[in-house]
J.: 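Have a look at the structure that comes next, please.
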Amino acid sequence: GIEAYGGLGRPETPQPFMEAVRSGKLPNGLSYFILENSKPENRAYLTLAVNAGSLNENDDEQGLAHFVEHMAFNGTTRFPESELIDYLRSLGMRFGPEVNAYTGFDRTVYGIEVPTENARIPEKALAVLDDWTRAITFDPKDVDDERLVIMEEYRSRLGAMERVRRKLLPIIFRGSAYADRLPIGLPEIIENAPAERLAGFYRRWYRPDNMALIIVGDFDGAVLEAELISQFTAPAPASSLILPKYELPAPKKGNLEVAIITDPELTYTQFNLYYKRTPQPVKADLAGYREGLIDVLIDRMLDLRFDEASRSEITEPLAMAISPAVKP
């Protein structure tokens, strides 16, 4: 009944969106989501989400989605060379907690936390995000300098767990693009890809209709929404974007795979059990939301019980860790 869904409606009722969020699309196709939030006071967090990651790379671009992310902090049209970093630091921002970015299989996300004054976000901070949407520069010297940084990041990850991961993921993702598109990329491409190839990836995927702004903080949302058209000036794309679909293959019934992965530097033993499930369409109604909450709660409860059992000095049957009420 309706009561089971908190009075929001019936199971088939579409999931409601937050009423306080101002959302829409600019004339150039850039989506935006604005939420006023007064805590902490006089602060705002600005996010630019790009609907492209390592899955969107061609064979000779493996690692370039992540490389482009790095170049965003190396200079833009209005913030050449170190001016962007100098500006963010002038606001008291620290890389990591307040200025950050990451590249995944299917997305690249940038975020900066800035002070607000008189319920306004600094225009210069909005200009940084605007430049990221359309004006990252790829000076060949800057690209060559950044190769060293990325290769050091690549080498720093080559520990035991990363070696295990590189053996495990191709098994889990076999038959899909995920198996050979790790966001860090391939060293031979990172070290040799010309600047124009990075710029080509950037122009192809960083387009207004493939990005979104998410701005949350202590400011006047109505004023900010009215300013966005003049602040974000990337031209509207001349043609519509066709996004490729990257799906995992349906699991084969009764096909149990066992993988034993070892490494001389591992300091503990770990068992992982993966259930491959047939992909299901996303349910955007209240029933789907409820099912998702149940899955999360079950996952957390099992995780806590397994953790408690692993720390217990008394060895108990595994079934007791899952269902303590069941007597052997």
Side-chain angles (χ1 to χ4, degrees), residues 17-53 65-66 68-104 107-138 142 146 149 202 206-208 210-234:
F17 197 62
M18 292 180 66
E19 292 183 1
V21 173
R22 299 173 182 271
S23 63
K25 281 191 177 184
L26 300 181
N28 62 6
L30 181 65
S31 298
Y32 65 85
F33 303 87
I34 297 171
L35 177 64
E36 295 180 29
N37 182 27
S38 59
K39 294 183 179 180
E41 293 183 352
N42 303 320
R43 308 290 283 187
Y45 200 85
L46 286 58
T47 300
L48 174 67
V50 185
N51 190 26
H66 177 239
V68 168
E69 174 218 310
H70 274 242
M71 294 305 300
F73 294 94
N74 272 271
T76 67
T77 300
R78 282 178 285 184
F79 300 90
E81 298 179 348
S82 63
E83 286 188 24
L84 190 151
I85 303 300
D86 292 343
Y87 168 65
L88 294 175
R89 286 176 176 163
S90 74
L91 297 175
M93 303 296 97
R94 296 167 296 160
F95 275 82
E98 294 155 329
V99 178
N100 216 328
Y102 70 88
T103 302
R107 71 197 71 179
T108 306
V109 180
Y110 304 85
I112 56 175
E113 184 177 333
V114 299
T116 60
E117 188 174 346
N118 299 322
R120 301 288 293 270
I121 293 175
E123 283 193 18
K124 213 168 182 180
L126 295 173
V128 170
L129 265 68
D130 177 40
D131 270 19
W132 282 343
T133 69
R134 63 184 179 85
I136 297 176
T137 53
F138 295 91
D142 293 339
E146 198 62 28
V149 176
Y202 175 68
Y206 282 61
R207 40 186 286 165
N210 200 39
M211 295 184 283
L213 295 169
I214 304 99
I215 304 177
V216 180
D218 188 15
F219 50 74
D220 188 320
V223 171
L224 176 61
E225 185 176 29
E227 291 177 341
L228 291 182
I229 292 178
S230 61
Q231 291 284 355
F232 292 87
T233 58

J.: Is any side-chain heavy atom of I85 closer than 4.5 Å to one of V99?
T.: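 No, too far: nothing below the 4.5 Å cut-off.
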J.: Is there side-chain contact between T137 and P80, with heavy atoms separated by less than 4.5 Å?
T.: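 Not in contact.
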J.: Should V50 and V109 count as side-chain neighbours, where that means a heavy-atom distance under 4.5 Å?
T.: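 The answer is no, as the side chains (C-beta and beyond) never meet within the 4.5 Å cut-off.
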J.: My understanding is that only residues two or more places apart in sequence, or in another chain, count here; which of them pass salt bridge (Lys or Arg N to Asp or Glu O under 4.0 Å) with D142?
T.: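 Counting only residues at least two positions away or on another chain, D142 forms no salt bridge (Lys or Arg N to Asp or Glu O under 4.0 Å).
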J.: Among all residues two or more places apart in sequence or in another chain, which pass the side chain to side chain contact (heavy atoms under 4.5 Å, CB included) test with N74?
T.: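 Expected list: M71, E146.
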J.: I need the I214 CD1 to Y32 OH distance, nearest 0.5 Å.
T.: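 The distance works out to 13.5 Å.
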J.: Considering non-hydrogen atoms only, spot the tightest contact between A234 and D130 and give its length.
T.: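 Answer, listing the atom of A234 first, then D130: N-OD1, 4.2 Å.
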J.: Could you check whether any side-chain heavy atom of F219 comes within less than 4.5 Å of a side-chain heavy atom of I34, counting everything from C-beta outward?
T.: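 In contact.
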J.: To check you understand the geometry: which heavy-atom pair defines the closest contact between E83 and R78, and what is its length?
T.: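 The pair with the smallest heavy-atom distance is OE1-O, 4.0 Å.
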J.: Q231 pairs by side-chain contact (heavy atoms from CB on, under 4.5 Å) with which of I121, L126, L213?
T.: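 It is L126, the one option of I121, L126, L213 that forms the side-chain contact (heavy atoms from CB on, under 4.5 Å) with Q231.
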J.: T77: which residues meet the side-chain hydrogen bond (donor to acceptor under 3.5 Å, both in side chains) condition with it, sequence neighbours left out?
T.: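 By the side-chain hydrogen bond (donor to acceptor under 3.5 Å, both in side chains) rule, T77 matches no residue at all.
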J.: For N210 and N51, indicate whether the former's side chain and the latter's backbone hold a donor-acceptor pair under 3.5 Å.
T.: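 Present.
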J.: Any side-chain heavy-atom pair from S31 and M211 closer than 4.5 angstrom?
T.: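 S31 does not reach M211 side chain to side chain.
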J.: Suppose we screen for ring-ring contact (aromatic ring centres under 6.0 Å, His included). Which residues come up paired with F33, at least two apart in sequence or across chains?
T.: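 Listed in chain order: nothing, the list is empty.
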J.: If you take all heavy atoms of L30 and A212, which pair is closest and at what distance?
T.: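 Nearest pair, atom of L30 first, then A212: CD1-N, 4.1 Å.
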J.: Under the rule for side chain to side chain contact (heavy atoms under 4.5 Å, CB included), what residues qualify as partners of K124, not counting sequence neighbours?
T.: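 K124 satisfies side chain to side chain contact (heavy atoms under 4.5 Å, CB included) with F79, Y87 only.
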J.: Kindly write out the residues that satisfy salt bridge (Lys or Arg N to Asp or Glu O under 4.0 Å) with E117, not counting sequence neighbours, or none if the list is empty.
T.: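 E117: no salt bridge (Lys or Arg N to Asp or Glu O under 4.0 Å) contacts found.
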J.: Compare all side-chain heavy atoms of L46 with those of V128 and state whether any distance is below 4.5 angstrom.
T.: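 When only atoms from C-beta onward are counted, V128 and L46 do not touch, as no gap falls below 4.5 Å.
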J.: Would you check if V68 and T108 make a side-chain contact, meaning some heavy-atom pair closer than 4.5 Å?
T.: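 No. Closest side-chain heavy atoms not under 4.5 Å.
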J.: Quick check for you: to the nearest 0.5 Å, what is the distance between E123 atom CD and S230 atom OG?
T.: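 These two atoms lie 7.5 Å from each other.
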J.: Roughly how far, to the nearest 0.5 Å, is the CD atom of E69 from the OH atom of Y102?
T.: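 One finds 10.0 Å between OH of Y102 and CD of E69.
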J.: Return the CD1 to CZ distance between I136 and F73, rounded to the nearest 0.5 Å.
T.: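 The CZ atom of F73 is 9.0 Å from CD1 of I136, to the nearest 0.5 Å.
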J.: Residues two or more places apart in sequence or in another chain: which of them pass side-chain hydrogen bond (donor to acceptor under 3.5 Å, both in side chains) with T47?
T.: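 Not a single residue meets the side-chain hydrogen bond (donor to acceptor under 3.5 Å, both in side chains) criterion with T47.
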J.: My understanding is that only residues two or more places apart in sequence, or in another chain, count here; which of them pass side chain to side chain contact (heavy atoms under 4.5 Å, CB included) with S82?
T.: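 Only D86 meet the side chain to side chain contact (heavy atoms under 4.5 Å, CB included) criterion with S82.
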J.: For A65, check side chain to side chain contact (heavy atoms under 4.5 Å, CB included) against everything at least two apart and list the hits.
T.: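 Counting only residues at least two positions away or on another chain, A65 forms a side chain to side chain contact (heavy atoms under 4.5 Å, CB included) with E57, T103, F201.
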J.: Strictly distance-based, threshold 3.5 Å: is any side-chain N or O of T76 a donor or acceptor partner for the main-chain N or O of W132?
T.: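 The answer is no, because no donor-acceptor pair under 3.5 Å joins these two groups.
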J.: Test side-chain contact (heavy atoms from CB on, under 4.5 Å) on L224 and E36; report intermediate values, then the result.
T.: CA-CA 10 Å; L224 176 61; E36 295 180 29; over 6 Å; no
J.: My understanding is that only residues two or more places apart in sequence, or in another chain, count here; which of them pass ring-ring contact (aromatic ring centres under 6.0 Å, His included) with Y202?
T.: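 In terms of ring-ring contact (aromatic ring centres under 6.0 Å, His included), with neighbours along the sequence ignored, Y202 is linked to F138, Y206.
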J.: Can you list the residues that meet the side-chain hydrogen bond (donor to acceptor under 3.5 Å, both in side chains) rule with R107, with sequence neighbours excluded?
T.: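 Testing R107 for side-chain hydrogen bond (donor to acceptor under 3.5 Å, both in side chains), a comparison that skips the adjacent residues, returns none.
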J.: Rounded to the nearest 0.5 Å, how far does OG1 of T133 lie from CG of N28?
T.: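 If we round to the nearest 0.5 Å, N28:CG and T133:OG1 are 7.5 Å apart.
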J.: Are the side chains of L26 and P208 in touch, meaning some heavy atoms are under 4.5 Å apart?
T.: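 No, their side chains stay 4.5 Å or more apart.
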J.: Using the rule given for side-chain contact (heavy atoms from CB on, under 4.5 Å), can you reason through L129 versus F232, listing the C-alpha separation, both sets of side-chain angles and the distance that settles it, and then say yes or no?
T.: CA-CA 8 Å; L129 265 68; F232 292 87; 3.8 Å; yes
J.: So which pairs with a foot in residues 212-230 pass salt bridge (charged side-chain N to carboxylate O under 4.0 Å, His left out), sequence neighbours left out?
T.: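 For residues 212-230: R22-E225, R120-E227.
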